[in-house]
Protein chains: 2
Amino acid sequence: MLEFRGKQYPCCASLTMGVIGGKWKTVILFHLMNNTLRYSELRKAMPTVTERTLSLQLKDLEEDGLISRTVYTPKPPLKVEYALTEFGKTLIPLIQAVAAWGDYAVSCA
Amino acid sequence: MLEFRGKQYPCCASLTMGVIGGKWKTVILFHLMNNTLRYSELRKAMPTVTERTLSLQLKDLEEDGLISRTVYTPKPPLKVEYALTEFGKTLIPLIQAVAAWGDYAVSCA
DNA sequence: CGGTATCCTGTCCGATACTG
DNA sequence: CAGTATCGGACAGGATACCG
């Protein structure tokens, strides 16, 4: 039994899935892999996610230390940028493998 | 927009997560990565999953073509073995990366 | 611009009991 | 031994409206 940030996992594989699982987290990480992006840029990159869900997933990823959130303006209109942290960058090879296998599976079908 | 086995995905990363996501699929694949296992052996390897859930997840993985189910006995008591298919084996590097990152994250915390 | 608040729905998944 | 049947709770995630 493993523990990470207060949650328990029966196996190292399930720990990873607990952190990057869910419907949108890998997609967010995939888009942040090569670029720092603003909230609105993420929305454009992922047109089918709702604002609420995107917001919640970003907060989750931030709490797990994978991404950073930087506010550049003192007042509205706000400018906010999201980027991978150093810890989040350790996921890059994994995200690349996830994306590559998705492409491969499509090419098989 | 990508399609795989009748489901739609907005991104190659989300396709992969749709196939190996969920609470238990990567754990099953992790245990089948190096060994063919019987149902009861999977249960021993994953003591905290319920029979119902294990059964459903195995069926999902079989329908997605990742694992094979072989019955060796004509009547009860049954002997059933699960193994990765050739297509499922293409996931091995990914599963290894998932497991390795889980270990790494624990070592950081 | 970058979010929350509120409400609601589906689905995942656990518990328990039973079967070929 | 290897499952299925039934029930039900919790939570992820969508729709829409509103706020600093």
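Just so it is clear, the model here is predicted, and its values are computed rather than measured. Note on naming: letters A, B, ... go to the chains in the order of the sequence lines (proteins, then strands), and numbering restarts at 1 for each one.
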Could you encode protein contacts along nucleotides 8-20 of chain C as a string, one character per nucleotide from 5' to 3', using B for base contact, S for sugar-phosphate-only contact and - for no contact, with a heavy-atom cut-off of under 4.0 Å? -----BBB-B--B

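The cluster map of Ile, Leu, Val, Met, Phe, Trp and Tyr, joined by side-chain heavy atoms under 4.5 Å apart, puts A:Met33 and A:Met46 in the same cluster.
Considering only heavy atoms from C-beta on, B:Leu42 stays 4.5 Å or farther from B:Val49 through its side chain. Looking only at side-chain heavy atoms (C-beta outward), A:Thr36 and A:Tyr82 stay at 4.5 Å or farther from each other. Two residues are said to be in side-chain contact when any heavy atoms from C-beta on lie closer than 4.5 Å; B:Tyr39 and B:Leu58 meet this criterion. You'll find the side chain of A:Leu29 stays beyond 4.5 Å of the side chain of A:Leu94, heavy atoms only. The side-chain heavy atoms of A:Asn35 and A:His31, taken from C-beta on, include no pair separated by under 4.5 Å. Residues B:Met17 and A:Met17 have side chains in contact (heavy-atom distance under 4.5 Å, counting atoms from C-beta outward). Contact check for B:Leu15 versus A:Asp103: no side-chain heavy atoms found under the 4.5 Å cut-off. Within the 4.5 Å cutoff, no side-chain heavy atoms of B:Gln8 are placed close to those of B:Leu2.
The aromatic ring centroids of B:Tyr9 and A:Trp24 lie 6.0 Å or more from each other.
The backbone N or O of B:Thr50 sits nowhere less than 3.5 Å from a side-chain atom of B:Thr53 that would complete a donor-acceptor pair. In terms of modelled atom types and a separation under 3.5 Å, the side chain of B:Thr16 and the main chain of A:Gly102 share a donor-acceptor contact. The closest donor-acceptor contact from the side chain of B:Thr26 to the backbone of A:Ser14 lies at 3.5 Å or more, if one exists at all.
Listed here is the closest heavy atom pair of A:Thr48 and B:Pro10: OG1-CB, 4.0 Å.
Nucleic acid contact class of A:Lys79 (heavy atoms, under 4.0 Å, all strands): sugar-phosphate only. Within the nucleic acid shown, A:Tyr82 comes within 4.0 Å of sugar-phosphate atoms alone, with no base atom in reach, counting heavy atoms only.
Proximity of residues 25-45 of chain B to DNA chain D (heavy atom under 4.0 angstrom from any strand atom) is restricted to B:Arg38, B:Tyr39, B:Ser40. Within residues 59-70 of chain B, the residues having any heavy atom under 4.0 Å from DNA chain D are, by residue number, B:Lys59, B:Arg69. For the segment residues 3-13 of chain A, no residue has any heavy atom less than 4.0 angstrom from an atom of DNA chain D.
Using a 30° and 60° split on the angle between ring planes, B:Trp101 and A:Phe4 fall in the perpendicular class, above 60°.
Of all nucleotides in DNA chain D having an atom under 4.0 Å from a heavy atom of chain A, the first and last in 5' to 3' order are D:dG13 to D:dG20.
Around atom NZ of A:Lys79, more than 12 heavy atoms belonging to other residues, nucleotides or ligands sit under 6.0 Å away.
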Evaluate the salt bridge (Lys or Arg N to Asp or Glu O under 4.0 Å) criterion for residues A:Arg38 and A:Glu41: first the C-alpha distance (whole Å), next the side-chain angles of each, then the deciding distance (0.1 Å), finally the verdict. CA-CA 5 Å; A:Arg38 298 183 60 171; A:Glu41 294 173 316; 5.5 Å; no

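Axis orientation changes by 60° from one end of the helix from C:dC1-D:dG20 to C:dG20-D:dC1 to the other, with each end axis drawn from 5 pairs and the value rounded to 10°.
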